[in-house]
Amino acid sequence: MLLDEVESAEAALRAARRQQVPAETSGVPAGGPEIDSFEQLIAADLKIEPRDEMPEAYRKTLIRQIAQHAHSEVIGMQPEANWITRAPSLKRKAILLAKVQDEAGHGLYLYGAAETLGVTREHLVGLLLTGRQKYSSIFNYPTLTWADMGAIGWLVDGAAIVNQVPLCRCSYGPYARAMIRICKEESFHQRQGFEILWTLARGTPAQRAMAQDAVDRWWYPSLAMFGPPDQESTHTERSMAWKIKRFSNDTLRQRFVDTTAGQAEALGLKLPDPHLRWNPQRGSYDFTPPDYDELRRVISGDGPCNRQRMAHRRAAHADGAWVREAAAAYAAKHGTGAE
Amino acid sequence: MNSGTGSSAGQEPVTGEDGGVGVPLWEVFVRPRRGLSHAHVGSLHAPDAATALRHARDVYTRRQEGVSIWVVPAAQITASSPEEKDAFFDPAADKAYRHPTFYPVPDGVPHL
């Protein structure tokens, strides 16, 4: 159960802290060399904290990864916000609002974590708005029906969970702590999506067909969320050595397929892969990989909704400028600011 | 944060972003429930204290994670320096006699 893994990652943080307390009865102080160099901390599976000494490349790669993760959360609000006004019931509207609100919150936790590495929020937002940093390619696909809300919650959030649970043990403290928080909230997202599809799959033939169509369109893009295959993944070795990345792309992709195939059977919906089959020798499902050429095209800007997502984000930033200016003016006038 | 050895990395400014003046950074502390102390949960940006408090409620207590919130301007926090931590904290390392385990308790002595 993935939530158990999150709990144990959190418990590991508390246990590590207790290792520092000396328990000497002989009067001799706790001996041994201090573990405090970057390499020693990484080797001992202890956390790097803000302002610790760290290789510049470690700092830069983390800024990029955490910031792009944050951008993904915020851009990811768009495909689902698309259906808030058309949710089929008040309860489902409230739930979808809560989910989208969570995504905003996840973006904020992650921007906060990135900022501890010595960058400003303004700088990171600028990198997104000018296209110099990216966001997860999955959000460049359109949400065509209400059933897409179910498919996204079940498959896209499901894939995100498989990706994010290992990050709860990443070597950089603020990122690991943000991921623990995010993972706890993410599991509601997946169950919410599953429940939407469960209801549709047991509804009218048209609802059933809508659910199946959404699954057909979101399955392969969800597999692509894990990135290119291992032999093409350029930064993996160094990220693994620094304990930022704990498992390879293909390992996580396989884990996602193995956990999801049984859920599809329970739903009574088919995953659109004629080669999906349990392999007893491997103890895993055999499956058709996603189209990596399509992934490359979508990442580089040629997906169905890339332009729309960026235009929406830029407009939101521009349209909100008067609010930021008014709030700053009010704070300055009333002297209630931060100084 | 203020410190003697602060290191903010040089980064090229992105022009046009809020005219180069950032919205202040606040650190957020939440008391999860009565009986526990406030714990640091993260940070956020807000123009003033009242807004920072409301944002903190919306970002960090959506699932009833807290009964009390403190927000503190990050610039007001003075932090010990990681580079100086050895010299700063070393004096405590060789004073095992501050711990009860330093003292052998003879057999048969009750309540010690």
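When reading the values below, keep in mind they use all heavy atoms of this one structure, side chains included, and skip hydrogens, waters and symmetry mates. Letters go in sequence order (proteins before strands), and every chain restarts at 1. Just so you know, these numbers come straight off a predicted model, no measurement behind them.
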Hey, are the side chains of [X] and [Y] touching, using non-hydrogen atoms and a 4.5 Å cut-off?
X	Y	answer
V23(B)	R121(A)	no
L108(A)	H45(B)	no
D102(A)	R62(B)	yes

For this session: Kindly say whether Y60(B) contributes a backbone atom to a donor-acceptor pair with the side chain of Y109(A) at under 3.5 angstrom?
Result: no
For this session: Keeping the roles fixed (side chain from R51(A), backbone from A79(B)), state whether a donor-acceptor pair exists under 3.5 Å.
Result: no
Seminar exercise, completed: Residues G112(A) and S43(B): closest non-hydrogen pair is CA-OG, 3.7 Å
For this session: Looking only at non-hydrogen atoms, find the nearest pair between R63(B) and F188(A) and report the distance.
Result: NH2-CD2, 3.1 Å
Side chain from CB out, backbone as N, CA, C, O: work out which of these in [X] comes under 4.5 Å of a heavy atom of chain B, or both, or neither.
X	value
A327(A)	both
E185(A)	both
R177(A)	neither

I need the [X] [atom1] to [Y] [atom2] distance, nearest 0.5 Å.
X	Y	atom1	atom2	value
E115(A)	L25(B)	CD	CG	5.5 Å
D52(A)	E83(B)	CG	CD	8.5 Å
Y111(A)	L44(B)	OH	CG	15.0 Å

For this session: Mind running salt bridge (charged side-chain N to carboxylate O under 4.0 Å, His left out) on K184(A) and E65(B) for me, showing each step along the way?
Result: CA-CA 12 Å; K184(A) 288 178 177 177; E65(B) 293 95 321; over 6 Å; no
Problem set entry | Top contributor to chain B interface from E53(A), R181(A), E49(A) [non-hydrogen pairs under 4.5 Å] | R181(A)
Seminar exercise, completed: Max heavy-atom pairs within cutoff under 4.5 Å with chain B, candidates H106(A), Q101(A), E325(A), goes to Q101(A)
Exercise. Has R54(B) got more than 12 heavy atoms of other residues, nucleotides or ligands less than 6.0 Å from its CZ?
Worked result: no
